[in-house]
Amino acid sequence: METELVGRARSGDTAAFDALVRTRLERVHRMSLAILGNEADAADATQDAFIAAWRRLPALRDPDRFDAWLWRIVSNTCRERLRGRRRASVREVRVRAEDDPPGATAEPPSEAVVAADRFDRAFATLSAEQRVLLVAHHLEELPVGEIATRLGVPAGTVKSRLFHARQALDRALAVEDDR
């Protein structure tokens, strides 16, 4: 059924492509958000990836490999966005709402919020490739062999890159601890 949908989409059937997108939209957005760390960028990257997929679909050689092919497009789109960032990230901090009493202050963030923020800052220091690998393996729970296939590299290379990505993340977390 999936191969048939891909085949129809390759011939220009927008309804078939829409069906393929609908079943993958949430996963692609989640992956983009994990890599980019910003909702607006993730939404843009998701849209850009599906547009690129639609445009490149006639060139897809093996319809059975659609998911791996789409994964490469998504990861490359996220990499391009990370390389192209020229603006600083802005984090909103609630100081006091208009209807709060004048002497009121915001509650301190919970430990979970502080830990998540620490992780986000550390993760943001990683290269695009490191983010893609860590998201693929730990969030998407793809096995090393599948990541290797999708990237077109040997499994040993993926293992090595994952090892170095984890080390880089550990170093970045240590820097965050020292702040």
Side-chain angles (χ1 to χ4, degrees), residues 1-3 5-6 9-10 16-57 59-87 89-91 112-113 115-155 157-170 172-173:
M1 179 69 178
E2 283 283 309
T3 305
L5 272 178
V6 173
R10 285 177 66 201
F17 186 71
D18 184 57
L20 291 169
V21 169
R22 286 183 189 278
T23 60
R24 291 160 176 83
L25 183 61
E26 185 179 323
R27 189 177 65 215
V28 167
H29 183 264
R30 185 178 62 240
M31 180 179 168
S32 298
L33 181 59
I35 293 168
L36 298 170
N38 174 298
E39 181 63 42
D41 286 345
D44 289 345
T46 299
Q47 181 177 353
D48 291 349
F50 281 120
I51 290 170
W54 173 251
R55 289 181 179 158
R56 298 178 194 158
L57 197 53
L60 175 63
R61 290 186 213 138
D62 184 358
D64 290 329
R65 301 290 304 148
F66 178 78
D67 284 324
W69 175 80
L70 178 62
W71 187 85
R72 275 193 303 275
I73 290 173
V74 172
S75 62
N76 287 336
T77 300
C78 290
R79 286 178 187 162
E80 289 169 18
R81 281 207 166 268
L82 286 171
R83 283 188 212 114
R85 282 187 176 165
R86 299 267 185 242
R87 59 180 167 44
S89 293
V90 177
R91 290 191 181 254
V113 169
D117 188 54
R118 171 184 164 262
F119 180 84
D120 289 348
R121 284 193 313 269
F123 194 73
T125 65
L126 302 180
S127 72
E129 180 182 17
Q130 290 168 331
R131 291 182 192 196
V132 167
L133 285 170
L134 290 171
V135 166
H137 190 63
H138 294 288
L139 181 68
E140 294 297 315
E141 298 180 348
L142 293 175
V144 169
E146 179 63 21
I147 296 169
T149 299
R150 291 180 180 198
L151 292 176
V153 297
T157 301
V158 172
K159 288 179 184 178
S160 173
R161 290 177 184 173
L162 267 172
F163 174 79
H164 291 293
R166 286 185 194 114
Q167 280 188 324
L169 182 58
D170 286 344
L173 287 168

Original post:
If only atom types and distance count, is the side chain of Thr157 paired as donor or acceptor with the main-chain N or O of Val153 below 3.5 Å?
Top reply: no
Original post:
Do you know which two heavy atoms are closest between Met31 and Val74, and how far apart they sit?
Top reply: SD-CG1, 4.0 Å
**OP:** Kindly compute the distance separating CD1 (Ile35) from CG (Asp41), expressed to the nearest 0.5 Å.
**Re:** 12.0 Å
Original post:
So, are Arg79 and Glu129 salt-bridged, with charged N and O less than 4.0 Å apart?
Top reply: no
**OP:** Measure across Arg10 and Arg61 and return the closest heavy-atom pair with its distance rounded to 0.1 Å.
**Re:** NH1-O, 4.5 Å
Subject >> Side-chain heavy-atom pair His137, Glu146 within 4.5 angstrom cut-off >> reply: no
**OP:** Answer yes or no: is there a donor N or O on one side and an acceptor on the other, between the side chain of Gln130 and the main chain of Ser127, under 3.5 Å?
**Re:** yes
Original post:
Does one side chain, of Thr3 or Asp64, offer a donor that lies under 3.5 Å from an acceptor on the other?
Top reply: yes
Subject >> Chi angles and distances behind the side chain to side chain contact (heavy atoms under 4.5 Å, CB included) call for Arg166, Arg161 >> reply: CA-CA 9 Å; Arg166 286 185 194 114; Arg161 290 177 184 173; over 6 Å; no
Original post:
Of all heavy-atom pairs between Leu20 and Ala9, which one has the smallest distance, and what is that distance?
Top reply: CD1-CB, 4.0 Å
Original post:
So, do Asp48 and Arg81 sit near enough that their side-chain heavy atoms are less than 4.5 Å apart?
Top reply: yes
Subject >> Side-chain heavy-atom pair Arg30, Val135 within 4.5 angstrom cut-off >> reply: no
Original post:
Using 4.0 Å as the upper bound for N to carboxylate O, is an ion pair formed by Arg22 and Asp18?
Top reply: yes
Subject >> Arg131 vs Cys78 side-chain heavy atoms within contact, under 4.5 Å >> reply: no
Subject >> Between OG1 on residue Thr125 and CG on residue Asp120, distance to nearest 0.5 Å >> reply: 11.5 Å
**OP:** Look at the rings of Phe119 and Phe123 and say which category their plane angle falls in: under 30° parallel, 30 to 60° tilted, over 60° perpendicular.
**Re:** parallel
Original post:
Between OG of Ser32 and CG of Asp44, what distance do you get to the nearest 0.5 Å?
Top reply: 10.0 Å
**OP:** May I have the step-by-step check of side chain to side chain contact (heavy atoms under 4.5 Å, CB included) for Trp71 and Leu142, ending in yes or no?
**Re:** CA-CA 11 Å; Trp71 187 85; Leu142 293 175; 3.9 Å; yes
**OP:** Mind listing the closest non-hydrogen atom pair of Ala53 and Leu70 along with its distance?
**Re:** CB-CD1, 3.9 Å
Original post:
Taking the side chain as C-beta and beyond, is there a heavy-atom pair between Arg24 and Phe66 under 4.5 Å?
Top reply: yes
**OP:** Start with the C-alpha gap between Glu2 and Arg65, add the side-chain angles, then the distance that decides, and say whether salt bridge (Lys or Arg N to Asp or Glu O under 4.0 Å) holds.
**Re:** CA-CA 10 Å; Glu2 283 283 309; Arg65 301 290 304 148; over 6 Å; no
Original post:
What distance separates Thr77 OG1 from Glu80 CD, expressed to the nearest 0.5 Å?
Top reply: 5.5 Å
Original post:
Of the non-hydrogen atoms in Leu173 and Ala122, which two are nearest, and what is the gap between them?
Top reply: CD2-CB, 3.6 Å
Original post:
Quick one: do Asp67 and Arg72 make a salt bridge, cutoff under 4.0 Å?
Top reply: no
Original post:
Can you tell me how far CG of Asn38 sits from CG of Leu82, rounded to the nearest 0.5 angstrom?
Top reply: 10.0 Å
**OP:** Give me the ring orientation class for Phe17 and Trp54: parallel if the planes are under 30° apart, tilted from 30 to 60°, perpendicular past 60°.
**Re:** tilted
Subject >> Side-chain heavy-atom pair Ile73, Phe50 within 4.5 angstrom cut-off >> reply: no
Original post:
With a 4.5 Å limit on heavy-atom distance, are the side chains of His29 and Gln47 in contact?
Top reply: no
Original post:
Looking at Leu162 and Leu133, what are the two nearest heavy atoms and their distance?
Top reply: CD2-O, 3.7 Å
